[in-house]
**Q** 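Next up is a structure, given as structure tokens.
These values consider heavy atoms only, across backbone and side chains, with no hydrogens, waters or symmetry-generated copies. Counting starts at 1 for both ligands and their atoms, following the listed order. All figures in this text were calculated on a predicted structure; none of them were measured in a lab.
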Amino acid sequence: MERTFLMIKPDGVQRGLVGEVIRRLEAKGFMLVGLKLMSVSQELAEQHYDVHKDKGFFKGLVEFITSSPVVAMVWEGDGVVASARKIIGATNPLTADPGTIRGDFGLSIGRNLIHGSDAVETANREIALWFSEDELTSWKPAATPWLYE
Ligand code: DAT
Ligand code: MG
């Protein structure tokens with residue numbers, strides 16, 4: 001079953017949107033398999049955003065991610081990587097569609113509330129970076145037959 005890595009950024013935690021984000025993914029039918037509130041080290045933030053290391057916003061992004069706790073999560077389900085990206089919405093909250101997390105709650109690109117892996121391979125890399133194997137729990141939700149034909 002497909003898995004993705006989601007991270008509620010410091011602004012999402014500070015603004016009290018942890019429950020709202022989890023509620024939306026749960027209501028969709030995805031399954032939570034890993035969850036932790038944590039402070040992010042400089043090294044982890046830099047590794048996570050390695051693909052952006054040459055961008056002008058990289059330094060500010062790392063400062064932001066390390067500035068206050070985040071909620072790191074792994075979610076599982078059919079097509080969860082692409083579907084979670086749709087639920088999150090476009091990178092810039094001002095142009096993100098209403099109904100998405102960023103579209104409903106954000107105003108600026110540097111405070112866009114949540115990260116979601118952009119592809120299955122990226123998800124596997126990010127899950128391994130943020131979670132150890134024993135922090136992830138496989139379980140079978142009772143609702144499974146009511147979610148999947
Ligand atoms: P996404 O988070 O939608 O995958 P991304 O991978 O292009 O977006 O960028 C990673 C994060 O970096 C993004 O969530 C917010 C920040 N960021 C991207 N472009 C930016 C910009 N032009 N100015 C400031 N921050 C930016
Ligand atoms: Mg990205």
**Q** Classify the ring geometry of H115 against F5: parallel below 30°, tilted from 30° to 60°, perpendicular beyond 60°.
**A**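 Taking F5 first and then H115, their aromatic rings sit tilted (interplane angle of 30° to 60°).
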
**Q** Once you restrict to heavy atoms under 4.0 Å, what part of H48 touches ligand 1? Side chain, backbone, both or neither.
**A**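 It is neither; nothing of H48 touches ligand 1.
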
**Q** Which of the atoms in ligand 1, numbered in the order shown and given with their element, are less than 4.0 Å from a heavy-atom of N112?
**A**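 Under 4.0 Å from N112, ligand 1 has these atoms: 13 (C), 14 (O), 15 (C).
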
**Q** Side chains of T66 and Q42: do they bring a donor and an acceptor to under 3.5 Å?
**A**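 Q42 and T66 do not have a side-chain donor-acceptor pair below 3.5 Å.
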
**Q** When you measure from atom 25 (N) of ligand 1 to each heavy atom in F58, F64, F57, which option holds the nearest one?
**A**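 That would be F57.
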
**Q** Less than 4.0 Å between a side-chain N and a carboxylate O, is that true for R24 and D104?
**A** yes

**Q** Regarding atom 6 (O) of ligand 1: of the candidates R102, R111, H52, which has the closest heavy atom?
**A**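 The residue whose heavy atom sits nearest atom 6 (O) of ligand 1 is H52.
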
**Q** Mind checking whether M73 and V33 have side chains closer than 4.5 Å, heavy atoms only?
**A**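 Heavy-atom side-chain distance check fails, nothing below 4.5 Å.
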
**Q** Going by the atom numbers of ligand 1, which of them fall below 4.0 Å from some non-hydrogen atom of K9?
**A** 13 (C), 14 (O)

**Q** Run the side chain to side chain contact (heavy atoms under 4.5 Å, CB included) test on T91 and R102 for me, step by step, so that the C-alpha distance in whole Å, both residues' side-chain angles and the decisive distance to 0.1 Å come before the verdict.
**A** CA-CA 8 Å; T91 305; R102 287 168 172 170; 4.1 Å; yes

**Q** Below 4.0 Å, non-hydrogen atoms only: which portion of K55 touches ligand 1? Side chain, backbone, both or neither.
**A**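 For K55, there is no contact with ligand 1 at all, from either part.
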
**Q** Between E63 and K59, does the salt bridge (charged side-chain N to carboxylate O under 4.0 Å, His left out) criterion hold? Intermediate values first, please.
**A** CA-CA 6 Å; E63 278 171 14; K59 187 166 171 282; 3.2 Å; yes

**Q** Using a strict cut-off of 4.0 Å, indicate which atoms of ligand 1 neighbour a heavy atom of R85.
**A** 1 (P), 3 (O), 4 (O)

**Q** Among V62, N92, T91, L61, which one puts a heavy atom closest to atom 3 (O) of ligand 1?
**A** T91

**Q** Quick one: look up the protein heavy atom nearest atom 23 (N) of ligand 1 and list residue, atom name and how far away it is.
**A**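 Ranking protein heavy atoms by distance from atom 23 (N) of ligand 1, first comes I109 CG2, 3.6 Å.
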
**Q** Flag the pair R23 and E20 as a salt bridge only when some basic side-chain nitrogen lies within less than 4.0 angstrom of an acidic carboxylate oxygen.
**A**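 Answer for the salt bridge query: yes.
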
